[in-house]
Amino acid sequence: MKRIRTRFAPSPTGYMHIGNLRTALYAYLFAKSQGGDFILRIEDTDRARYVADAVDFIERTLAAAKIIPDEGPHHGGNFAPYVQSERMDIYKKYAEQLVADGHAYREDGAIRQKMPRVGETTFFDVLHGNITIANSELEDQVLLKSDGMPTYNFANVIDDHLMEVSHIIRGTEFITSTPKHVLLYEFFGWELPTFIHLAPVMGKADDGTVSKLSKRHGATSFNDLIEAGYLPEAITNYVALLGWSPKNSCQEIFSMDELIKNFSLDGLSKSPAVFDYAKLDWMSGEYFKAMTDENFAAVAEKYFVDFDAPKKIFLASLLKTRVAKLSEIPAMISFLKNLPPFDVELFTNKRNKLTPQKSAEILAPAIKILEQVDDWSLDALNEKISAFVAQSGLKVGAVMWPLRIALSMQKVTPGGVTEILYLLGKKISLERLNGALEKLT
RNA sequence: GGCGCCUUCGUCAAGUGGUUAAGACACCGCCCUCUCACGGCGGGUUCAAGGGUUCGAAUCCCUUAGGCGUCACCA
């Protein structure tokens, strides 16, 4: 049985589109699930589009996504170099051979492939079955450009053969050029690899229209998503399910190992999938909720205001069930650092039958009690407030509402009053409480 | 326009001639609850259209429509 070898062959553009990442992921998962090899090859044959440091960028992105090449520019391997611009001699040799054999010819300093005028070319695609295209649709494409660089359609065939790639996993945009590749394999007498053409990932624009994912759909690169505060694992997990689903299972949360274990080509979908932020948010939230408070505090650290270590861990416990992406955190906790402007309207709450005046009547005795609390811990605070509620004869909500407003000046807070008191500390809590009471009376 | 690919809830999708057409996200409702979340329970919405084939079709065939791709010395 032939060894399974797949490759991811991006051009170095300095931008890792989510659709590209998915292609890389599937190629990786398939290779690993079969005990095979995953190759990274850089297709930098277009000098005009070269972007400095792009190779580095691609490698870092794959590493962040835990897609680890077995072979590549900086991963070693027996088929180096893995950068096409360093393989020009190889392409030249094969192009010359084609010319000598009468399958190609020179024109304007370039070498063109000579296509058959009649007949048709058929190839097998794992997802789509046999695909047949009339040879008359094929043009005498350029193989070797006048600058000596090969075109994609040529280099790709040479390299996939030389690097012993067994399965070509790429986007559907290559379906119509595949017959040209197939003809080249035939000219050389090489064995055909197995083709798998993946449907594109679509994006939904603000106006609701669906089209191939691009920058106008907001953050659609792996990097943008990382910057928005999604975990790499969550992104990879979500992307894996955009066009693939496990057989005989409804599992949706997958670690990379589980993905490898469960991956199979027949779970691949042949129709386009729309990237859905709502589902990504849900999945991301699942990852956060599954984390320990310590781990969450560590990944969210840079979004936290300055608290001591125990409070950061505590804040993490509050936030991890409420966050879809880390960048939401500052807005959720900014009130802890800076109290929003006083707004008397907030003290009106009809569910608890509260008016500003009634709120003041509750605040005054509550402040008295809190002033006497020495042990400013969650348990102690909870106990004191509960006792106050019981003694006041009021409903819990009626007591908590004015306290929350006075402490945060917002209707919604992550966590309850006790939690906010604890995070704020005694001094600031009482300052805020007294400040509100003054303004209310 | 030629050629090619695609078409199951709003979205991701299971399904391969006989199912009450899974599940998830989102949405709605209820419960829990000091707010928001979390958690629990429940609900509505789907086979693009039209023809066949068949006792029986989301599943097979044809046509139409729509979407996408491709027709570069870009990949």
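The chains referred to below are lettered A, B, ... by the order of the sequence lines, with proteins before strands, and numbering in each begins at 1. This is a predicted model, so every value here is computed, not measured.
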Within the 4.0 Å heavy-atom criterion, would you say [X] contacts the bases, only the backbone, or no part of the nucleic acid?
X	answer
A:Thr151	sugar-phosphate
A:Ser136	nothing
A:Ser245	sugar-phosphate
A:Gln410	nothing
A:Gly415	base
A:Ser249	nothing

Proximal nucleotide (of [options]) relative to the [X] side chain:
X	options	result
A:Lys270	B:U70, B:C6, B:A37	B:C6
A:Ala110	B:A75, B:C34, B:C73	B:C73
A:Asp108	B:U35, B:C3, B:C73	B:C73
A:Trp282	B:A75, B:A26, B:U35	B:A26
A:Ser271	B:G4, B:G23, B:U7	B:U7
A:Ala278	B:C36, B:C25, B:A14	B:C25
A:Glu252	B:A24, B:G4, B:A14	B:A24
A:Phe174	B:C12, B:A75, B:A26	B:A75
A:Val274	B:C12, B:C38, B:C74	B:C12
A:Ser269	B:U11, B:C74, B:A13	B:A13

Would you mind pulling out the nucleotide paired to [N], Watson-Crick or G-U wobble, both distances under 3.5 Å?
N	answer
B:G2	B:U70
B:A57	none
B:U16	none
B:G50	B:C62
B:G10	B:C25

Expressed in whole Å, how much space separates the [atom1] atoms belonging to [N] and [M]?
N	M	atom1	value
B:U16	B:U59	P	12 Å
B:U45	B:C28	C1'	12 Å
B:G39	B:A26	P	10 Å
B:C47	B:A21	C1'	8 Å
B:U11	B:C71	P	29 Å
B:U70	B:U20	C1'	44 Å
B:A14	B:U33	P	41 Å
B:C32	B:A37	C1'	12 Å

- Which value, rounded to the nearest 0.5 Å, describes the distance between A:Ile196 atom CD1 and A:Leu265 atom CG?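 Interatomic distance, A:Ile196 CD1 to A:Leu265 CG, rounded to 0.5 Å: 4.0 Å.
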
- Message: With ring-ring contact (aromatic ring centres under 6.0 Å, His included) as the test, pick out the partner of A:Phe263 among A:Phe254, A:Tyr28, A:Tyr26.
- Response: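 That would be A:Tyr26; it is the only one of A:Phe254, A:Tyr28, A:Tyr26 passing the ring-ring contact (aromatic ring centres under 6.0 Å, His included) with A:Phe263.
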
What integer distance in Å separates [X]:[atom1] from [N]:[atom2]?
X	N	atom1	atom2	answer
A:Leu370	B:C34	CG	C1'	14 Å
A:Ile405	B:C34	CD1	C1'	11 Å
A:Met400	B:U35	CE	P	10 Å
A:Glu43	B:C73	CD	P	18 Å
A:Lys395	B:U35	NZ	C1'	14 Å
A:Leu198	B:A75	CG	P	21 Å
A:Glu107	B:A72	CD	C1'	14 Å
A:Tyr277	B:C12	OH	P	15 Å

- Aromatic centroids of A:Phe30 and A:Phe38 separated by under 6.0 Å: no

- Message: Between A:Phe314 and A:Phe307, is the ring centroid distance below 6.0 Å?
- Response: no

- Task: Verify the neighbour count for atom NZ of A:Lys312: are there more than 12 heavy atoms of other residues, nucleotides or ligands below 6.0 Å?
- Result: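 Yes - once you tally the heavy atoms of other residues, nucleotides and ligands closer than 6.0 Å, there are more than 12.
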
- Item | Whether over 12 other heavy atoms sit under 6.0 Å from A:Asp266 CG |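 Yes, the 6.0 Å shell around CG holds more than 12 heavy atoms from other groups.
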
- Message: Here's a test for you: under side chain to side chain donor-acceptor pair (under 3.5 Å), which of A:Arg41, A:Glu71, A:Arg87, A:Arg7 qualifies with A:Tyr82?
- Response: A:Glu71

- Whichever of A:Gly416 and A:Lys289 has its nearest RNA chain B nucleotide further upstream toward 5':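 Mapping each residue to its closest nucleotide by heavy atoms, the 5'-most match is A:Gly416.
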
- Assign each of A:His128 and A:Pro414 to its nearest nucleotide of RNA chain B by heavy atoms, then name whichever residue's nucleotide is nearer the 5' end. A:His128

- Query: Charged N to carboxylate O below 4.0 Å: is that the case for A:Lys279 and A:Asp276?
  - Reply: no

- Message: Whether A:Glu286 and A:Lys289 form a salt bridge (side-chain N of Lys/Arg under 4.0 Å from carboxylate O of Asp/Glu) is what I want to check.
- Response: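 Yes, charged N to carboxylate O under 4.0 Å.
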
- Message: Is it the case that the base of B:C5 and the side chain of A:Thr172 share a donor-acceptor contact (distance under 3.5 Å, atom types as modelled)?
- Response: no

- Is A:Lys247 side chain donor-acceptor paired with the B:A14 base, going by distance under 3.5 Å alone?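 Donor-acceptor pair under 3.5 Å: no.
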
- Message: Can you tell me if A:Lys145 touches the phosphate of B:A75, counting only side-chain N or O atoms and a distance under 4.0 Å to OP1 or OP2?
- Response: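 Answer yes for this pair, as a side-chain N or O of A:Lys145 is under 4.0 Å from OP1 or OP2.
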
- Item | OP1 or OP2 of B:A75 under 4.0 Å from side-chain N/O of A:Arg49 | no

